[in-house]
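Let me begin by presenting the structure, written as structure tokens, before commenting on it.
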Amino acid sequence: MAYTTLISIILSHFLLLTTKTLAGKVPAIIVFGDSSVDSGNNNQISTVLKSNFEPYGRDFYDKKPTGRFCNGRIPPDFISEAFGVRPFVPAYLDPAFSISDFAEGVCFASAGTGYDNATSDVLDVIPLWKEVEYYKEYQKKLEAYAGKKKAKYIIKESLYLISIGTNDFLENYYSMQSQRSSQYTEDQFQDFLLRLAQNFVHQIYRMGARKISLTGVPPMGCLPLERATNYVGGNGDGCNEKYNNVAKHFNVMLSGLVERLNQELPGIRVVFADAYNLLLQMITNPSSYGFEVSSVACCGTGLFEMGFLCDKLSPLTCTDANKFVFWDAFHVTDKTNHIISDFLMEHVLDQFL
């Protein structure tokens, strides 16, 4: 009798764990944002901001450049794999993939874009509103492919990764050609961006999104390009603390937005994916994370190169990107992305497992 009771308890415990696992299952990863998460959409549009050439992608599968601004994978790829979906998230505009692939994950992100439409105009990339239009189109294709019931399940249970905002400051507000800096103070511009972020989440919520990760902006004053520009003397050792302080302040605002969204929208679960401090630690104390260099990037001189300036002809490009926090002057390496993704999975995204 006792043996039977024990077996019943074990079976009940197993069924409870199984139910919890199924309840938290994420069928697909759906991505919106900028170059931090773009897996190749810019390859298919008319813009100079591309990375579909060597040495980009040299540590990706088959050593192929895909349009990711990295030597290998970017966070959505690692996160997708961690959820047991697939080891990378394909770009929606990539003709090599179809709706059968996108049913398990799809990326609408565009390098160089921002919350503000004026940001996407700088380098003629896909604005955020157009990413949403592609998402609408995707939903129709998904329903035709999987059926109405399955498509509704995928849309509702998928994890939505949103990573955007850095370009709004560095390529828009702080650029010499910016009109926004004459229209808004720094605080007003951040309020403006926050409203745009809120409207965007409301929009995809109305379209069925329920599990959402909203990513903060990085310590943008410590990107190699900004360090090189900021340092008087040219060796790239000085972070722009003004930019970092703006990033920290904006992240506090985004965190507050996440709290309000969870209170306002029934059935939604929004988390704030903040890796600011982690990346700053990697930059200020690289050896603790197995890096040797954090002040400059792997590609070229490591100070100014990005996109077409970082090509296979760059004679100074490093041989081992794993020693570097940054891949090019704006973007981190595959190894850095992996560390950040593991951190987010353990401390932020674990509630969706």
Side-chain angles (χ1 to χ4, degrees), residues 24-39 41 75-76 79-80 83 85 89-93 99 102-111 113-117 119-120 125-143 145-146 148 150-168 192-217 253-274 344 348-349 351-352:
K25 182 173 174 58
V26 170
I29 303 295
I30 298 177
V31 185
F32 295 94
D34 56 23
S35 61
S36 61
V37 291
D38 181 4
S39 55
N41 285 308
I79 291 169
S80 177
F83 274 100
V85 184
V89 180
Y92 182 65
L93 298 183
I99 190 61
F102 301 144
E104 292 186 293
V106 60
C107 172
F108 303 105
S110 175
T113 201
Y115 287 114
D116 184 3
N117 288 335
T119 303
S120 61
V125 298
I126 302 168
L128 191 55
W129 67 263
K130 184 65 174 177
E131 291 186 26
V132 175
E133 289 300 308
Y134 285 136
Y135 175 53
K136 291 179 183 177
E137 183 180 86
Y138 163 75
Q139 287 194 345
K140 293 178 182 178
K141 291 180 180 179
L142 186 64
E143 186 173 320
Y145 167 75
K148 191 171 184 178
K150 182 67 179 295
K152 185 177 180 181
Y153 167 79
I154 293 172
I155 294 300
K156 180 182 178 183
E157 298 298 332
S158 290
L159 175 61
Y160 293 76
L161 302 179
I162 304 166
S163 181
I164 195 168
T166 305
N167 295 312
D168 288 306
F192 170 63
L193 293 181
L194 197 73
R195 290 194 299 273
L196 295 177
Q198 177 177 301
N199 292 341
F200 170 70
V201 174
H202 274 261
Q203 191 171 14
I204 63 171
Y205 171 81
R206 290 193 297 269
M207 298 172 67
R210 291 298 181 270
K211 301 175 181 179
I212 300 172
S213 171
L214 186 62
T215 305
V217 294
M253 296 173 69
L254 285 174
S255 179
L257 173 62
V258 166
E259 290 184 17
R260 293 196 302 275
L261 289 167
N262 282 316
Q263 294 170 358
E264 296 169 359
L265 301 177
I268 201 172
R269 276 195 290 166
V270 191
V271 295
F272 180 51
D274 184 9
L344 294 178
V348 181
L349 302 176
Q351 67 172 278
F352 297 118

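Keep in mind the model is a prediction, meaning the values are calculated, not measured.
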Just so I know, are the side chains of Leu257 and Leu214 near enough to count as touching, which here means a heavy-atom distance under 4.5 Å? yes
Heavy-atom closest contact (Ile126 atom, Asn41 atom, distance): CD1-CB, 4.2 Å
Interatomic distance, Leu161 atom CG to Ile79 atom CD1 [nearest 0.5 angstrom]: 5.0 Å
Determine whether the aromatic ring centres of residues Phe200 and Phe32 are separated by less than 6.0 angstrom. yes
Closest heavy-atom pair, Gly33 versus Ile164, reported as atoms and distance to 0.1 Å, is CA-CB, 4.0 Å
So, do Glu264 and Tyr205 sit near enough that their side-chain heavy atoms are less than 4.5 Å apart? no
Mind checking whether Asp34 and Ser163 have side chains closer than 4.5 Å, heavy atoms only? yes
Nearest heavy-atom neighbours spanning Leu254 and Ala197: CD2-CB, 4.4 Å
What's the shortest heavy-atom distance between Phe272 and Ser255, and which atoms? CD2-CB, 3.8 Å
Do the non-hydrogen side-chain atoms of Leu344 and Thr215 ever get within less than 4.5 Å of each other? no
What distance do Ser39 atom OG and Leu93 atom CG have between them, rounded to the nearest 0.5 Å? 9.5 Å
Do Asp168 and Thr119 meet the criterion of a side-chain donor-acceptor pair at a distance under 3.5 Å? yes
Do the non-hydrogen side-chain atoms of Leu196 and Trp129 ever get within less than 4.5 Å of each other? no
Shortest non-hydrogen contact from Cys107 toward Val37: SG-O, 3.2 Å
Residues two or more places apart in sequence or in another chain: which of them pass side chain to side chain contact (heavy atoms under 4.5 Å, CB included) with Val271? Ser213, Val348, Leu349, Gln351, Phe352
Ile99 CD1 to Glu104 CD distance, which is reported to the nearest 0.5 Å: 11.0 Å
Quick check against the 3.5 Å criterion: does Tyr160 have a side-chain atom that pairs as donor or acceptor with the backbone of Ile204? no
Main-chain N/O of Ile154 paired to Ser158 side chain as donor or acceptor, under 3.5 Å: yes
Any non-hydrogen side-chain atom of Met207 less than 4.5 Å from a side-chain atom of Lys136? yes
Kindly compute the distance separating CG (Asn117) from NZ (Lys130), expressed to the nearest 0.5 Å. 12.5 Å
Quick one: does Val201's side chain get under 4.5 Å of Ile268's, heavy atoms only? yes
Can you tell me how far the OH atom of Tyr115 sits from the OG atom of Ser120, to the nearest 0.5 Å? 14.0 Å
Could you tell me if the side chain of His202 sits less than 4.5 Å from the side chain of Leu261, heavy atoms only? yes
In plain terms, say whether Glu143 and Lys140 are close enough for a salt bridge, that is, a side-chain N and a carboxylate O under 4.0 Å apart. no
For side-chain hydrogen bond (donor to acceptor under 3.5 Å, both in side chains), just list the numbers for Glu131 and Tyr135, CA-CA rounded to whole Å, side-chain angles, deciding distance to a tenth of an Å, and then say yes or no. CA-CA 6 Å; Glu131 291 186 26; Tyr135 175 53; over 6 Å; no
Rounded to the nearest 0.5 Å, what's the gap from CZ on Arg269 to CG on Asn262? Could you check? 9.5 Å
Nearest heavy atoms of Val26 and Lys211, plus distance in Å: CG2-NZ, 4.4 Å
Does the ring center of Tyr134 lie less than 6.0 Å from the ring center of Phe108? no
